[in-house]
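Before any comments, here is the structure.
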Amino acid sequence: EVRLVESGGGLVQPGGSLRLSCSVSGMTYSSNFVAWFRQAPGKEREGVASIYTQAGKTLYSESVKGRFIIPQDRLENKVYLQMNGLKPEDRAVYYCAERFGRSSADQDVLIADPYNYWGQGTQVTVSS
């Protein structure tokens, strides 16, 4: 059984940084994408960053590009979300998710529906 567990959320001041961690275990796909999504109260779930783990190719939403980074540690089966320059509008529950990937050219990798496995989420609050 595939299991994803997020950690690292918390309260941070505007302009600060946080690093979220996603531990992936179980029978994951041999070729996959892992992505970070977030959902703020009253809003739809938004994909913010994805990584094609075999090649390390990444993609970011416009809302976080230049501020967030999605590195991975393949030996530890972990994917991180390094969040810098946090803004109050980044406040949300952050989820990591996994889906099968044919290649790094797959489309819609920031769309939630194709993702089969999800973590439980971790809260990020940005406030002074």
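Owing to the predicted nature of the structure, the values given are computational and were not obtained by experimental measurement.
If you chain together hydrophobic residues whose side chains sit under 4.5 Å apart, L4 and Y94 never meet in one group. If you chain together hydrophobic residues whose side chains sit under 4.5 Å apart, V48 and Y80 never meet in one group.
Sorted by first then second residue, the salt bridge (Lys or Arg N to Asp or Glu O under 4.0 Å) pairs that include residues 79-94, not counting sequence neighbours, are R38-D90, R67-D90. Under the side-chain hydrogen bond (donor to acceptor under 3.5 Å, both in side chains) criterion, the residue pairs touching residues 107-119 are Y29-N116, with sequence neighbours excluded. Applying the side-chain hydrogen bond (donor to acceptor under 3.5 Å, both in side chains) rule to pairs touching residues 68-77 yields nothing, sequence neighbours excluded.
In terms of heavy-atom proximity, K78 sits nearest to S23 at CE-OG, 3.4 Å. The shortest heavy-atom contact between A40 and A92 is N-CB, 3.8 Å. Between A49 and L81, the shortest heavy-atom distance links the atoms CB-CD1, 4.0 Å. Across all non-hydrogen atoms, the minimal contact from P14 to S128 is CD-N, 3.7 Å. The shortest heavy-atom contact between V109 and A35 is O-CB, 4.1 Å.
Looking at Q39 and Y95, their side chains come closer than 4.5 Å, going by heavy atoms from C-beta outward. Proximity of T122 to S7: side-chain heavy atoms (C-beta onward) are nowhere separated by under 4.5 Å. Within the 4.5 Å cutoff, side-chain heavy atoms of I69 are placed close to those of Y60. Q13 places none of its side-chain heavy atoms less than 4.5 Å from the side chain of L86. Under the 4.5 Å side-chain criterion, counting only non-hydrogen atoms from C-beta, Y52 is in contact with S31.
S104 contributes atom OG, which lies 11.5 Å from atom CD1 of I51 (distance to the nearest 0.5 angstrom). Atoms OG1 and CG, from T53 and N32 in turn, are 3.5 Å apart once rounded to the nearest 0.5 Å. A distance of 8.0 Å separates CG in L20 from CZ in F68, rounded to the nearest 0.5 Å. Between the CD atom of E46 and the CH2 atom of W36 there is a distance of 14.5 Å, given to the nearest 0.5 Å. Atom SG of residue C96 and atom CD1 of residue I70 lie 9.0 Å apart, to the nearest 0.5 angstrom.
Remark: R45 is not positioned above the aromatic ring of F37, lacking an NZ or CZ atom under 6.0 angstrom from the ring centre and at most 45 degrees off the axis.
Under the 3.5 Å distance criterion, with hydrogens and angles disregarded, a donor-acceptor pair is assigned to the side chains of S61 and S63.
Counting only distance, with no hydrogens or angles, the side chain of E6 and the backbone of Q120 share a donor-acceptor pair below 3.5 Å.
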Could you go through the side-chain contact (heavy atoms from CB on, under 4.5 Å) check for D106 and R99 one step at a time? CA-CA 11 Å; D106 282 8; R99 55 163 272 194; 3.4 Å; yes

